[in-house]
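Accompanying notes for the structure given below.
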Amino acid sequence: MTVGGRTLLSADYKAPGGKLLRVRLQEAGGRIESAKISGDFFLIPEDSLPKLEMMLEDVPLKEKELKLLVDRFFRGTSAQGLGVSPDDFVKAILAAKPGETGP
């Protein structure tokens, strides 16, 4: 759905361990304007998920850039996903991209 030049994207991604990552993005010009990530996974410390969502703002919706950013986030914050890996976050975000298909 496109609203005022912004596209609202969403995807539900099941990680190999069975945990669900639900991604809601606002995208414009191939870049993420805002991101909301939820699901039945845990990220420790608990306040690290909003930091990741903020870091995703203005990032191109491309695998290489997303992988670099997500890896930098996990290294820089010492965040740990329970039941989800950094790669799962990248795959979930990319699954929201038009024309991409999730597993």
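Excluded from the calculations below are hydrogen atoms, water molecules and symmetry mates; all remaining heavy atoms, backbone and side chain alike, are included. Here the structure is a predicted model, which is why all the values come from computation and not from measurement.
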(request) Write down the atom of Leu8, the atom of Gln26, and the distance for their closest heavy-atom approach. (result) CD2-CG, 3.2 Å
(request) Return the set of residues passing salt bridge (Lys or Arg N to Asp or Glu O under 4.0 Å) with Glu33 (not counting sequence neighbours), or none when no residue passes. (result) Arg6
(request) Could you grab the distance from atom CD1 of Ile32 to atom OG1 of Thr7, nearest 0.5 Å is fine? (result) 12.5 Å
(message) Working to the nearest 0.5 angstrom, can you tell me the gap between Phe89 CZ and Phe41 CZ?
(response) 4.0 Å
(message) When you group the ILVMFWY residues by side-chain heavy-atom contacts below 4.5 Å and let the links chain together, are Val59 and Tyr13 in the same group?
(response) yes
(request) Tell me whether Leu49 is reachable from Ile93 by hopping between hydrophobic residues (I, L, V, M, F, W, Y) whose side-chain heavy atoms are closer than 4.5 Å. (result) yes
Show the atom names and distances, to 0.1 Å, of all donor-acceptor pairs under 3.5 Å that link a side chain in residues 50-57 to residues at least two apart or in another chain.
unit_1: Glu53; atom_1: OE2; unit_2: Ile37; atom_2: N; d: 2.8

(request) List in chain and number order the residues that pass side chain to side chain contact (heavy atoms under 4.5 Å, CB included) with Asp58, two or more places apart in sequence or in another chain; answer none if no residue qualifies. (result) Arg31
Only pairs under 3.5 Å count here: list side-chain donor-acceptor contacts from residues 72-87, not counting sequence neighbours, and write none if there are none.
unit_1: Thr77; atom_1: OG1; unit_2: Phe73; atom_2: O; d: 2.7
unit_1: Thr77; atom_1: OG1; unit_2: Ala79; atom_2: N; d: 3.2
unit_1: Ser85; atom_1: OG; unit_2: Asp87; atom_2: N; d: 3.4
unit_1: Ser85; atom_1: OG; unit_2: Asp88; atom_2: N; d: 3.2
unit_1: Ser85; atom_1: OG; unit_2: Asp88; atom_2: OD2; d: 3.2
unit_1: Asp87; atom_1: OD1; unit_2: Lys67; atom_2: NZ; d: 2.9

(message) According to ring-ring contact (aromatic ring centres under 6.0 Å, His included), does anything in residues 46-67 pair up with another residue at least two apart or in another chain? List the pairs.
(response) none
(request) Compare every heavy atom of Asp40 with every heavy atom of Gly18, then report the nearest pair and how far apart it is. (result) O-OD2, 4.4 Å
(request) State which residues pass side chain to side chain contact (heavy atoms under 4.5 Å, CB included) with Arg24; sequence neighbours excluded, sorted by chain then number. (result) Ser10, Asp12, Arg22, Lys36
(request) Considering non-hydrogen atoms only, spot the tightest contact between Ala92 and Ala11 and give its length. (result) O-CB, 3.9 Å
(request) Work out which heavy atom in Pro60 is nearest to a heavy atom in Leu66; give both atom names and the distance. (result) O-CG, 3.9 Å
(message) If you count heavy atoms of other groups shown closer than 6.0 angstrom to CD of Glu65, is the number above 12?
(response) yes
